[in-house]
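Fair warning: this is a prediction, and the values are worked out from it, not measured in the lab.
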Amino acid sequence: MANYVIGDVQGCLDSLHKLLDKVQFNPEVDVLWFAGDLVNRGPRSLDTLRYVRNLGQQAHTVLGNHDLHLLALWCNSGRSHESDTIAEVVHAPDGEELVNWLRSQPLALRLPRTQNPLDQALLTHAGILPQWSFEDALALSSEVQAVLSGSDWQAFMAALYGNKPNRWDPELQGFDRLRFIVNVFTRMRMVRDDGKIDFKYKLEPADAPPELKPWFELERACSAEGPIVFGHWSTLGQIKNKAGYCLDTGCVWGGQLTALRLEDEVIIQVEAVEPPLPTIP
């Protein structure tokens, strides 16, 4: 048995199959953990959702920003983009089943215990705030998951988009609180010196303005906790970092699709099968 954490697939199902062939994935015993963004921009978003969902308990995922974009479009709360490839999900005969499955997924997951330093690892799409413990992150994820999987989820999707508030306050309430939590887990890259999240800068940290720092470079309040495994940042240019591992290596942009085997921390990669998108991330 092996556990594989996989970076942003984004509808690149052929690359996913290539990666699973390389690791000799056995769906009877092996387990896949996806770092979010299962869909969008790649050519097979619908087939990717169907494949992962049909793996049952052999596959787990956290939500990424593109997964939430699909949920927003489903309930007419989001704006479509030229690069979107998720309309096929919205119009599929099993689209509602897939959307309901997707909105029941969390924003953060504890990865399974193994006999190595990843014993206490946390999985999320973009990261967590340095002042959040793993227990904080899991509790906040549960808050959002309860709303998304509930009967009033479409009201939340209508209020989801926005960059405010941009600094954490445990007294936040309502949609402001939920929006901030979602933005941290699915959109965050850089944090300002004053603690505010910057949502504009998306390139390599080395080229960033001096007042911005990658979230994983900031000192964590619970420094004794284990690594954080995430995706979302295809331009980061590194996999191993101070917090843990970033597994988004730009498959949809013509890069690689990357997996981390938890049992021995081995990185496995395949070159993208799909033609690269013609624009920058």
Side-chain angles (χ1 to χ4, degrees), residues 1-9 19 23 25 29-38 52 55-64 67 104-146 168 170 180-191 195 197 205 213-233 236 238-249 258-269:
M1 176 184 176
N3 289 274
Y4 298 97
V5 191
I6 299 175
D8 304 33
V9 177
L19 179 63
V23 302
F25 171 63
V29 294
D30 297 335
V31 182
L32 306 180
W33 303 81
F34 291 92
D37 279 3
L38 290 176
V52 175
L55 286 172
Q57 290 304 304
Q58 301 309 115
H60 307 272
T61 189
V62 294
L63 292 174
D67 306 316
S104 70
Q105 306 307 312
L107 293 167
L109 279 171
R110 270 201 188 276
L111 291 169
R113 292 180 177 273
T114 59
Q115 300 302 312
N116 67 34
L118 289 174
D119 186 48
Q120 300 290 329
L122 187 79
L123 175 66
T124 186
H125 180 60
I128 68 172
L129 288 181
Q131 59 264 49
W132 290 356
S133 68
F134 283 5
E135 290 303 323
D136 292 335
L138 292 167
L140 294 169
S141 169
S142 294
E143 285 186 34
V144 175
Q145 188 177 8
W168 174 239
F180 182 86
I181 295 168
V182 168
N183 282 343
V184 168
F185 280 126
T186 67
R187 296 179 58 206
M188 179 178 65
R189 292 184 180 94
M190 307 293 278
V191 179
I197 300 174
K213 293 183 176 60
W215 66 266
F216 54 79
E217 291 289 343
L218 303 177
E219 290 299 323
R220 289 164 58 186
C222 301
S223 57
E225 291 185 318
I228 300 167
V229 185
F230 61 102
H232 184 57
W233 203 338
L236 185 57
Q238 62 185 96
I239 293 176
K240 190 75 179 286
N241 54 69
K242 187 175 180 180
Y245 293 89
C246 177
L247 300 182
D248 182 7
T249 46
T258 298
L260 169 68
R261 188 165 58 215
L262 295 182
E263 283 70 20
D264 54 10
E265 295 187 73
V266 167
I267 296 290
I268 306 104
Q269 295 182 301

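Applying the side-chain hydrogen bond (donor to acceptor under 3.5 Å, both in side chains) rule to Glu219 yields the partners Lys242; only residues at least two apart in sequence or on another chain are considered. With sequence neighbours excluded, no residue forms a ring pair (Phe, Tyr, Trp, His ring centres under 6.0 Å) with Phe25. For Lys213, the salt bridge (Lys or Arg N to Asp or Glu O under 4.0 Å) partners two or more places apart in sequence, or in a different chain, are Asp193. For Ser104, the side-chain hydrogen bond (donor to acceptor under 3.5 Å, both in side chains) criterion is met by no residue, not counting sequence neighbours. Under the rule for a side chain to side chain contact (heavy atoms under 4.5 Å, CB included), Ser142 has no partner lying at least two apart in sequence or in another chain. Residues satisfying the side-chain hydrogen bond (donor to acceptor under 3.5 Å, both in side chains) criterion with Asp37, sequence neighbours excluded, are His125. Gln269 is linked by a side chain to side chain contact (heavy atoms under 4.5 Å, CB included) to Ile239, Thr249, Gln256, Thr258, Ile267, counting only residues two or more places apart in sequence or in another chain. Every residue two or more places apart in sequence or in another chain that forms a ring pair (Phe, Tyr, Trp, His ring centres under 6.0 Å) with Trp33 is listed here: His60. Taking Val191 as the reference, Met188, Trp215, Leu218 meet the side chain to side chain contact (heavy atoms under 4.5 Å, CB included) condition, with sequence neighbours excluded. In this structure, the side chain to side chain contact (heavy atoms under 4.5 Å, CB included) partners of Gln105, at least two apart in sequence or on a different chain, are Thr61, Leu63, Trp101. Annotation: salt bridge (Lys or Arg N to Asp or Glu O under 4.0 Å) contacts of Glu217 (sequence neighbours excluded): none. With sequence neighbours left out, the ring pair (Phe, Tyr, Trp, His ring centres under 6.0 Å) criterion links Phe185 to Trp132.
The shortest non-hydrogen separation linking Asp30 to Ala2 is OD1-N, 2.9 Å. Looking at every heavy atom in both residues, Phe134 comes nearest to Ala121 through CE2-C, 4.3 Å. Here the closest non-hydrogen pair linking Ser141 and Pro106 is OG-CB, 3.6 Å. For the residue pair Ile268 and Arg261, the shortest heavy atom distance occurs at CD1-CB, 4.1 Å. The nearest pair of heavy atoms linking Gly244 to Pro227 is CA-CB, 4.0 Å. Val62 and Asp67 get closest at one heavy-atom pair: O-OD2, 3.9 Å.
Side-chain atoms of Leu111 and Asn3, non-hydrogen and from C-beta on, never get closer than 4.5 Å to each other. Contact of the Val229 side chain with the Leu247 side chain is registered, since non-hydrogen atoms from C-beta on lie closer than 4.5 Å. Asn241 places a side-chain heavy atom less than 4.5 Å from the side chain of Phe230. Proximity of Met1 to Val31: side-chain heavy atoms (C-beta onward) are separated by under 4.5 Å at one or more points. Between Leu32 and Tyr4 the shortest side-chain heavy-atom distance falls below 4.5 Å. No side-chain heavy atom of Pro214 sits under 4.5 Å from any side-chain heavy atom of Arg189. Side-chain contact check for Leu107 versus Leu140: every heavy-atom pair is 4.5 Å or farther apart. A 4.5 Å side-chain heavy-atom check between Val9 and Phe34 finds at least one atom pair inside the cut-off.
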*Verdict with supporting geometry, Arg220 and Ile228, side chain to side chain contact (heavy atoms under 4.5 Å, CB included)*: CA-CA 11 Å; Arg220 289 164 58 186; Ile228 300 167; 3.9 Å; yes
*Show your working on side chain to side chain contact (heavy atoms under 4.5 Å, CB included) between Leu129 and Ile197 and close with a plain yes or no.*
CA-CA 9 Å; Leu129 288 181; Ile197 300 174; 4.2 Å; yes
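Here the CD-SG distance, from Gln131 to Cys222, works out to 10.5 Å after rounding to the nearest 0.5 Å. To the nearest 0.5 Å, atoms CG (Asp8) and SG (Cys246) are separated by 7.5 Å. Taking CD1 of Ile128 as the start and CD of Glu225 as the end, the distance is 7.0 Å to the nearest 0.5 Å. Here CZ of Phe216 is found 8.0 Å from CE of Met190. Values are rounded to the nearest 0.5 Å. Atom CD1 of Ile181 sits about 12.5 Å away from atom CD of Gln145, to the nearest 0.5 Å.
Remark: side-chain polar atoms of Asn183 are not paired, donor with acceptor, to backbone N or O of Phe180 under 3.5 angstrom. For the pair Asp248 (side chain) and Gly7 (backbone), a donor-acceptor distance under 3.5 Å is absent.
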